Amino acid sequence: MSPMKTPPTAAETRAALARQAAFAAADAAALDGLLSVRPPEAGPRPEPVWDEATVVSHEVVRERYRRLTLSCGTIAATALAGQFLMITVPPHGGERILLPRPMAIHRRNPLRGTIEVIYGVAGRGTTALAAVTPGQRLLVTGPLGRGFEFPAGTRRALMIGRGVGVCAVMGSVEDAEARGIRATLVASGRTRGSLIGAAECAELGARFIPVTDEEGSADLPALGALLRSEFAAGPPDVVFVCGAGVLTRLAAELGAEWGVPVQASLEAHMACGLGYCHGCAAPVRTDPAVEGPLVCVDGPVFDAAV
Amino acid sequence: MSETPRPTTDARRTFFAARPTAGATVDLGVSIGGLRLLNPVMPASGCFGPALGRLIPVDELGAVVTKTVFGVPRGGNPAHRLTEIRAGMVNSVGIPSRGAAGYLAELHPHYRALGPPVIISVGAHRPNGYAPVVRDLGAAGDAYELNVSCPNLDRDGTDIGSDPDAIESAVAAVRLETDKPIIVKLPVLASSIAECAQAAQAAGADAVCVANSIPALPLEAYTRAPAIGNVIGGLSGPSIRPIVLRLVWLAARSVDIPVIACGGIETADDALDYFSVGASAVQVGTASFARPFAMVEIVRTLQQRCTDDRVAGIRDLIDLWRAQ
Ligand SMILES: Cc1cc2nc3c(=O)[nH]c(=O)nc-3n(C[C@H](O)[C@H](O)[C@H](O)COP(=O)(O)OP(=O)(O)OC[C@H]3O[C@@H](n4cnc5c(N)ncnc54)[C@H](O)[C@@H]3O)c2cc1C
Ligand SMILES: Cc1cc2nc3c(=O)[nH]c(=O)nc-3n(C[C@H](O)[C@H](O)[C@H](O)COP(=O)(O)O)c2cc1C
Ligand code: FES
């Protein structure tokens, strides 16, 4: 593993936190009234297991992320696109991490029995996770949750991911390739160097569209215009989105214009991942006397419509 | 493709297959009132659900405990409902509940199907609120645990269970409704845990559970904004263990009914710490999130320790070490 960069200055930290807070507020506002629980899936969900997964490799990717390749055959063989794992983080340097961390399953390789996860170092949990070394064993539970599903007859699909949110939609890009569906992945991020997905799309034969804040192409009006012209000849049959509330709103608006369904993957603080701790309330408006849906079992993928 | 996925196994499957054959000479059984449990290990309320039965052999547990059931449906608190800080886990889920009728219709059959005795946790906002819920639940529970100690119901994190008079009136009213064992789950922040436990015993409780999570206020790093939606939540996990150990010790000295210990238990050794200060049984909460098999591992380890030391049960195990 390469060492961490020099620690940020106080001013940089304040700026980053202000950005995060503004982002979180915009995110919550953008999602308001947009989401609903998807109708029951056609087939059974794979049975979740827990496993002592061997770390096959762990490396820095795309400036600010880390890719963890794990050997856990059952999960690799059964996970559906858009499902996630709970990763129990081993103690590091006297730090104990009590709650497992939810992570999207970025890639599945059932033949090798491996899966890939890509994460950003954010707080205590992911800082400790970054210290894991190849050969070490990690306790993982999965596959969990409700993933993305192509509506019957899908021929063209649009996937949109912001930052590490690209990982949640990558499984559906894999499935698209296997099913002869033409996939377009829009990866949005702050800088070119941070975008995930170009290599994966090249491998899977999907169209890759990078958009960034630094170039202005990730701004919502610019991105909306880009996608309208990209699909002027004929819209996609479905849109999958993950990583930002404002992108979910844009996707839902485009979906309404095109008359196609939109599915969005959400994040929430989680403890169990199985639906029994009731920690992961989804931002779906319901009767306040009745518990709303849970992100871990009713999602993380929900229908999004304006 | 010519390659086919290789046959797989996983640690979960191996764990299920490793079910120990019952050691004929070891008896971990414990009684709560008239209810006999196979062993003294059970989940803590809110940290368990029938879904965990997909990951672990739940039938190896002494009992299962439901999430707290209220009389009428409740929605629960706004996000974030939980977080982790250096001191431990903090939750303010706010006890979403389907109400007694909803519990009986939708959840109880799934708890019942797990096998072990079902202890139903019951909640209310006032001391006289518990008895009607127990009446509505009828004979469904094999025992009732009165949650008089949830830090999340009122914004200031105080509770019924810190007042011995309130405990006494709540338990006395429930005693009139059921012959099933009554467990009273006490709070950490009571001025005298002994008086609270004695009040429960005097009113006819069959056991006390010590304790619930500890009211706490977690802040986000740097911004110092409240880290959970309810502002105040309950701290749980290994850091609360020494605090709860003291309370269990105090409670066990002051009542004759069994004390069920709950707070930061992760391993068989943690459980033995509690047994050594007078607990008769243990509940495991936060530890199950990171290690779903923690409870079953504790049961198996306790059995193995007794077998290795050639003793009949946990009391002998503790006496053996004391004698050394
Ligand atoms: C279904 C799902 C899939 C995810 N997939 C990925 C992924 O592929 N790559 C990735 O980098 N991140 C992913 N996340 C987010 C990831 O779990 C959090 O970013 C991470 O837990 C926060 O970093 P930390 O543990 O270092 O933070 P800490 O500061 O240690 O976290 C403190 C507490 O807050 C919770 N928390 C903080 N931020 C988040 C968040 N955004 N989402 C959920 N919980 C949070 C933590 O779980 C923990 O309980 C996913 C989250 C969910 C729910
Ligand atoms: C997510 C969560 C939900 C909880 N819900 C309840 C509940 O509904 N009723 C209750 O009596 N205690 C509840 N508790 C408290 C636990 O039962 C237990 O008393 C506490 O967590 C301390 O034990 P631990 O350190 O082993 O977790 C909850 C705890 C957590 C972490
Ligand atoms: S994470 Fe426990 S209910 Fe969703």
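No experiment lies behind these values; they were computed from the predicted model shown. Order of the sequence lines fixes the chain letters, A, B, ..., with proteins taken first and strands second; residue numbering starts at 1 for each chain.
Among residues 104-111 of chain B, no residue has any heavy atom closer than 4.5 Å to a heavy atom of chain A.
Here the side chain of B:R81 pairs a donor or acceptor atom with the backbone of A:H278 at under 3.5 angstrom. With hydrogens and angles disregarded, no donor-acceptor distance shorter than 3.5 Å links the side chain of A:R146 to the backbone of A:V297. Here the side chain of B:T68 pairs no donor or acceptor atom with the backbone of B:S121 at under 3.5 angstrom. Panel note: side chain B:S149, backbone B:K185; a donor-acceptor pair is recorded below 3.5 Å. Side chain of A:D298 to backbone of A:P293: no donor-acceptor contact under 3.5 angstrom is found. Of the possible polar contacts, one joining the A:R249 side chain to the A:D32 backbone as a donor-acceptor pair under 3.5 Å is found. When atom types are taken as modelled, the side chain of A:T114 and the backbone of A:T69 share no donor-acceptor pair closer than 3.5 angstrom. Using a distance-only test at 3.5 Å, with no hydrogens or angles considered, a donor-acceptor pair links the side chain of B:T267 to the main chain of B:D270.
No side-chain donor-acceptor contact under 3.5 Å links A:D303 and A:S36. Between B:S236 and B:T286, the side chains place a donor N or O and an acceptor N or O closer than 3.5 Å (distance only, hydrogens not considered).
Both the backbone and the side chain of B:R291 come within contact range of chain A, judged by heavy atoms closer than 4.5 Å. Contacts of A:V290 with chain B are made by backbone atoms alone, with heavy-atom separations under 4.5 Å and no side-chain atom involved. Of the atoms belonging to A:R101, it is side-chain heavy atoms, and not backbone ones, that fall under 4.5 Å from chain B. With a threshold of 4.5 angstrom between heavy atoms, B:P73 approaches chain A through its backbone and through its side chain. For a residue to count as touching a neighbouring chain, one of its non-hydrogen atoms must lie under 4.5 Å from one of that chain's; by this rule B:E220 does not touch chain A. For a residue to count as touching a neighbouring chain, one of its non-hydrogen atoms must lie under 4.5 Å from one of that chain's; by this rule B:R13 does not touch chain A. Only the backbone of B:I85 comes within contact range of chain A, with at least one heavy atom under 4.5 Å from a heavy atom of that chain. With a threshold of 4.5 angstrom between heavy atoms, B:S288 approaches chain A through its backbone and through its side chain. For A:I87, no part lies near chain B; criterion is any non-hydrogen pair under 4.5 Å.
Heavy-atom pairs under 4.5 Å with chain A peak, among B:G46, B:P292, B:G99, B:C47, at B:C47. Across A:L98, A:L274, A:I97, the residue that shares the most heavy-atom pairs under 4.5 angstrom with chain B is A:L98. When the candidates A:A271, A:G125, A:C277 are compared by the number of heavy-atom contacts under 4.5 Å with chain B, A:A271 comes out ahead.
For the salt bridge (Lys or Arg N to Asp or Glu O under 4.0 Å) with A:R107, the lone residue among A:E116, A:E177, A:E200, A:E203 that qualifies is A:E203.
The line from CZ of B:R19 to CD of B:E60 is 4.5 Å long, rounded to the nearest 0.5 Å.
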